[in-house]
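So the structure is just underneath, and the comments pick up after that.
As a basis for the values below, the full set of heavy atoms in this structure was taken, side chains included, without hydrogen atoms, waters or symmetry mates. Everything numeric in this text was worked out from a predicted model, so none of it was measured. In the text below, chain A, chain B and the rest are named by the order of the sequence lines, each starting its count at 1.
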Number of protein chains: 2
Amino acid sequence: MAPDLRSDKTDDLILGSLSADGRRSFASIGLEVGLSTAAVKRRVDRLRRAGVITGFTVLIDQKRLGRPIEALVELHTDGVLGVDRLRRALGPIAEIVEAVTVTGDADTIVRLVAADTDRLEAAVQALRAIPSVRKTETNIVLSHLVTRSATAF
Amino acid sequence: MAPDLRSDKTDDLILGSLSADGRRSFASIGLEVGLSTAAVKRRVDRLRRAGVITGFTVLIDQKRLGRPIEALVELHTDGVLGVDRLRRALGPIAEIVEAVTVTGDADTIVRLVAADTDRLEAAVQALRAIPSVRKTETNIVLSHLVTRSATAF
DNA sequence: GTTGAAAATGCTAGCCG
DNA sequence: CGGCTAGCATTTTCAAC
């Protein structure tokens with residue numbers, strides 16, 4: 001991994017601005033944080049090169065795109081299943097939005113978004129069909145309490 | 001909720017483009033999807049008005065910003081704790097990045113990012129201090145297998 | 001870090017099919 | 001729904017301080 005970047009309060013302000021609106025102009029950010037347009041651009045470029053900023057993206061309301069069902073599925077797997085193989089196994093399942101491995105009871109937590117319960121079930125079946133997945137536990141997301149920032153890891 | 005938007009294949013392409021790079025120009029998206037700059041802008045404006053696009057944001061690598069620890073904490077709560085009160089209780093805890101209520105064993109799942117284990121512990125203590133939180137289970141995130149899109153709900 | 005300037009690119013609105 | 005054009009804003013890269 002590249003070395004960490006020392007980022008100051010101004011960088012935090014810029015990142016905050018861009019979190020709130022990723023398409024904001026450097027000029028307008030500069031007004032807010034007290035820098036010139038050129039200075040803001042230099043900092044953003046530097047944060048990109050340093051890997052702090054990994055990209056920009058659009059926020060999409062999946063419900064309005066016809067995928068109203070969100071679920072978190074815990075995967076309990078055999079020890080033999082490596083991270084790379086698991087990643088490849090998850091790849092083809094279109095409903096998967098995110099997946100992480102964790103310590104504790106479950107081994108992996110998969111987040112998925114589906115158009116209806118049939119597709120949710122099909123996706124969960126696909127998860128169960130992965131070799132060395134012993135057990136799944138599906139939790140439907142009922143409501144979103146906090147969504148503070150889009151983070152990439 | 002506003003009525004759903006009928007979105008076609010072109011909209012999907014545009015959303016895909018913007019997912020990959022939220023700052024991409026309408027002209028460059030237009031080249032990809034076979035539309036003029038203005039036509040792309042009109043579609044993006046429409047997707048925004050329809051609530052499909054809820055915003056744009058920057059993707060930040062928290063590790064490089066000095067917050068290398070990510071955890072998912074399951075909250076088991078009493079029935080008396082309403083969504084609004086829970087939301088207010090979570091608000092002041094800076095480490096919280098996301099929180100959802102779910103069906104199943106746990107009632108709420110909180111995702112947080114911390115600078116070190118001390119701060120993680122402090123954040124978990126703060127969660128335990130919320131009235132009617134009976135029990136917490138903390139799972140440290142080990143690796144990210146899939147991060148397909150940043151979604152807002 | 002700043003400013004200012006110039007060229008390229010991007011955005012937006014109006015008009016038309 | 002689309003394309004086009006014209007005017008304006010922004011980005012980007014300079015040089016100079």
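- The hydrophobic cluster containing B:Val73 also contains B:Val83, counting ILVMFWY residues as joined when their side-chain heavy atoms lie under 4.5 angstrom apart, directly or transitively.
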*Summarise protein proximity over nucleotides 3-17 of chain D in one line of letters, 5' to 3': B for base, S for sugar-phosphate only, - for none, counting protein heavy atoms closer than 4.0 Å.*
BB-----SSSS----
*Would B:Asp105 and A:Asn139 satisfy side chain to side chain contact (heavy atoms under 4.5 Å, CB included), going step by step from the backbone distance to the final call?*
CA-CA 8 Å; B:Asp105 191 39; A:Asn139 293 5; 5.5 Å; no
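- Note on B:Val146: it does not cluster hydrophobically with A:Val100, by side-chain heavy-atom contacts below 4.5 Å among ILVMFWY residues.
- The shortest distance between the side-chain N/O atoms of B:Arg43 and the OP1/OP2 oxygens of D:dC1 is not below 4.0 Å.
- Open room surrounds CD on B:Glu121; 12 or fewer heavy atoms of other groups in view lie less than 6.0 Å from it.
- Under the salt bridge (charged side-chain N to carboxylate O under 4.0 Å, His left out) rule, A:Asp45 has a single partner from A:Arg42, A:Arg48, A:Lys41, A:Arg43, which is A:Lys41.
- Protein chain B contacts DNA chain C from C:dG10 to C:dG14, reading 5' to 3' and using non-hydrogen atoms of the protein with a distance under 4.0 Å.
- In the hydrophobic clustering of ILVMFWY residues, with side-chain heavy atoms under 4.5 Å counting as a link, A:Val133 and A:Ile109 come out apart.
- Counting all heavy atoms, side chain and backbone alike, B:Ala71 lies closest to B:Leu120 at CB-CD1, 3.9 Å.
- Between the side chains of A:Thr101 and B:Ser143, at least one donor-acceptor pair of N or O atoms lies under 3.5 Å.
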